[in-house]
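The structure appears below as structure tokens.
We count residues from 1, following the sequence as given.
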Amino acid sequence: MNGFWMRRAEIETERLRLRAWTMQDMQGFLLFAADPEVMMAAGSKPVLSQEEARAELRRTADDPYAYAITLRDTGEIVGKIKFQRDGARYNVHSVSIGYELAQRYWGNGYMTEALRGMVRHAFDVMQVELVTIGHFTGNERSRRVIERAGFLFDGVTPYAFKRFDGRVFDEANYSILREEYESGAVSLRRRFS
Ligand SMILES: CC(C)(COP(=O)(O)OP(=O)(O)OC[C@H]1O[C@@H](n2cnc3c(N)ncnc32)[C@H](O)[C@@H]1OP(=O)(O)O)[C@@H](O)C(=O)NCCC(=O)NCCS
């Protein structure tokens, strides 16, 4: 990723603490990483064995841009969120975001809150010019999270992502530009629709 990337700092929101993963987090990790419904929607393969789980948690703990989403009150892990490369742009300070939430924690607004915290961190600490995000068309829960967090719809990329099982998805793309973030009015406007 480009040179503007910075090492991870913890991110705090009203109810959540986003922190680094460790190898001690296996129990919380498996809540979503072994769940086909969660992982397939995010385009990933669920872990199917202890070996796969250990390898995947190792990769996640080694990723300086992957965060465990934990509840500040209890410390329990509810999901994962990470900064990732924005493959659609060239020579701009852009970052994308991906996430998974364990099903037992759906419906509490946790991911919307985590995503808002990540957007704030991207603009205020990482100093990016824009933040982007996408979901497979038809993933309505993710669409609602993205829109509640203030992203603007940019359009659909057809035939964007071939999953490990060979199924191909169109992707709905969204972004927030720095000027939109700073104006505080992002959720009120749409560029296309
Ligand atoms: C996408 C995903 C994270 C969304 O989970 P979610 O629980 O719907 O999202 P949130 O945690 O933001 O919760 C929002 C829901 O909680 C409700 N809610 C309850 N209390 C809330 C609060 N205090 N604040 C905000 N929302 C609240 C909202 O009304 C909303 O429900 P609705 O969309 O039916 O209106 C989850 O479905 C998931 O992990 N899916 C599989 C992986 C995936 O798709 N990843 C994204 C790939 S692009």
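Contact annotation: the side chain of Phe29 approaches that of Glu56 to within less than 4.5 Å [non-hydrogen atoms, C-beta and beyond]. Contact annotation: the side chain of Val145 approaches that of Leu115 to within less than 4.5 Å [non-hydrogen atoms, C-beta and beyond]. With contacts defined as side-chain heavy-atom distances shorter than 4.5 Å, the pair Val38/Leu101 does not qualify. Residues Tyr181 and Asp124 meet the side-chain proximity criterion, which asks for heavy atoms closer than 4.5 Å. No side-chain heavy atom of Ile69 sits less than 4.5 Å from a side-chain heavy atom of Ile77. Residues Thr60 and Lys80 are in side-chain contact: their nearest non-hydrogen atoms beyond the backbone lie under 4.5 Å apart. Using a 4.5 Å heavy-atom cutoff, the side chains of Val78 and Leu31 are not in contact. Residues Glu52 and Lys45 meet the side-chain proximity criterion, which asks for heavy atoms closer than 4.5 Å.
The main-chain N or O of Glu179 is never found under 3.5 Å from a side-chain atom of Glu182 such that the two would form a donor-acceptor pair. With hydrogens and angles ignored, the 3.5 Å screen pairs a side-chain donor or acceptor of Asn173 with a backbone N or O of Gly155. Under a 3.5 Å cut-off, the side chain of Arg116 and the backbone N or O of Arg148 do form a donor-acceptor pair. Listed for the Thr70 side chain is no donor-acceptor partner under 3.5 Å among the backbone atoms of Glu76.
When all heavy atoms are compared, the tightest approach of Pro36 to Pro46 is CA-CG, 3.8 Å. Contact between Ala53 and Leu30 at its shortest, heavy atoms only, is CB-CD2, 3.8 Å. Taking both residues in full, the closest heavy atoms of Ser142 and His135 are given as OG-CB, 3.8 Å, listed atom of the first, atom of the second, then distance. Between Val128 and His93, the shortest heavy-atom distance links the atoms CB-O, 3.3 Å. Among all heavy-atom pairs drawn from Ala122 and Val131, the shortest one is CB-CG2, 3.7 Å. Here the closest non-hydrogen pair linking Phe151 and Thr132 is CE2-C, 4.2 Å.
With rounding to the nearest 0.5 Å, the separation of CZ in Arg72 from CD in Glu14 is 8.5 Å. Interatomic distance, Asp62 CG to Trp21 CH2, rounded to the nearest 0.5 Å: 13.5 Å. In this structure, Arg144 CZ and Thr112 OG1 are separated by 9.5 Å, a value rounded to the nearest 0.5 Å. Taking CD1 of Ile146 as the start and CG of Leu152 as the end, the distance is 12.0 Å to the nearest 0.5 Å. One finds the OH atom of Tyr65 at 16.0 Å from the CD1 atom of Ile81 (value rounded to the nearest 0.5 Å). For the atom pair CD (Glu100) and OG (Ser44), the distance works out to 5.5 Å, reported to the nearest 0.5 Å.
Ring pair Tyr67/His121 is perpendicular by interplanar angle, where above 60° counts as perpendicular and below 30° as parallel.
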- Task: Show your working on side-chain hydrogen bond (donor to acceptor under 3.5 Å, both in side chains) between Ser175 and Asp154 and close with a plain yes or no.
- Result: CA-CA 7 Å; Ser175 62; Asp154 291 329; 2.8 Å; yes
- Message: Before you tell me yes or no, could you show the steps for Leu16 and Leu71 under side chain to side chain contact (heavy atoms under 4.5 Å, CB included), namely the whole-Å CA-CA distance, both residues' side-chain angles and the distance that decides it to 0.1 Å?
- Response: CA-CA 5 Å; Leu16 308 173; Leu71 300 186; 3.6 Å; yes
- Task: I would like to know whether Ser96 and Asp86 meet side-chain hydrogen bond (donor to acceptor under 3.5 Å, both in side chains); could you show each step before the answer?
- Result: CA-CA 5 Å; Ser96 187; Asp86 172 5; 5.7 Å; no
- Message: Is there a side chain to side chain contact (heavy atoms under 4.5 Å, CB included) between Thr137 and Glu171? Walk through the geometry before answering.
- Response: CA-CA 6 Å; Thr137 54; Glu171 180 136 294; over 6 Å; no
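For the side-chain hydrogen bond (donor to acceptor under 3.5 Å, both in side chains) test, no residue two or more places apart in sequence or in another chain qualifies with Asn139. With sequence neighbours left out, the side-chain hydrogen bond (donor to acceptor under 3.5 Å, both in side chains) criterion links Gln50 to no other residue. Partners of Glu113 by side-chain hydrogen bond (donor to acceptor under 3.5 Å, both in side chains), not counting sequence neighbours, listed by chain and number: Thr13, Arg15. With sequence neighbours excluded, no residue forms a ring-ring contact (aromatic ring centres under 6.0 Å, His included) with Tyr99.
Under 4.0 Å is where a charged nitrogen must lie from a carboxylate oxygen, and between Arg143 and Glu140 at least one such pair does. Between Arg59 and Asp63 no salt bridge is recorded (no basic side-chain N to carboxylate O distance below 4.0 Å). Arg167 has no carboxylate O lying under 4.0 Å from a charged side-chain N of Asp165, or vice versa, which leaves the two without a salt bridge. Ionic pairing of Arg178 and Glu129 is not present here: no N-O contact between side-chain nitrogen and carboxylate oxygen is shorter than 4.0 angstrom.
Cluster partners of Val168 are Tyr159, counting Ile, Leu, Val, Met, Phe, Trp and Tyr whose side-chain heavy atoms approach within less than 4.5 Å, directly or via other members.
If you chain together hydrophobic residues whose side chains sit under 4.5 Å apart, Trp106 and Phe136 never meet in one group. In terms of hydrophobic clustering, with Ile, Leu, Val, Met, Phe, Trp and Tyr side chains grouped at heavy-atom distances under 4.5 Å, Met39 and Phe164 are assigned to different clusters. In this structure, Met40 is not a member of the same hydrophobic cluster as Met111, with clusters built from ILVMFWY side-chain heavy atoms closer than 4.5 Å.
Counting only residues at least two apart or on different chains, the salt bridge (Lys or Arg N to Asp or Glu O under 4.0 Å) pairs with a member in residues 24-39 are Arg19-Asp25.
For Phe153 and Tyr174, the ring centers sit closer than 6.0 Å to each other.
Counting non-hydrogen atoms of other residues, nucleotides and ligands closer than 6.0 Å to OH of Tyr90 gives a total of 12 or fewer. Summarising the local packing, CZ of Arg104 is surrounded by 12 or fewer heavy atoms from other residues, nucleotides or ligands at distances under 6.0 Å.
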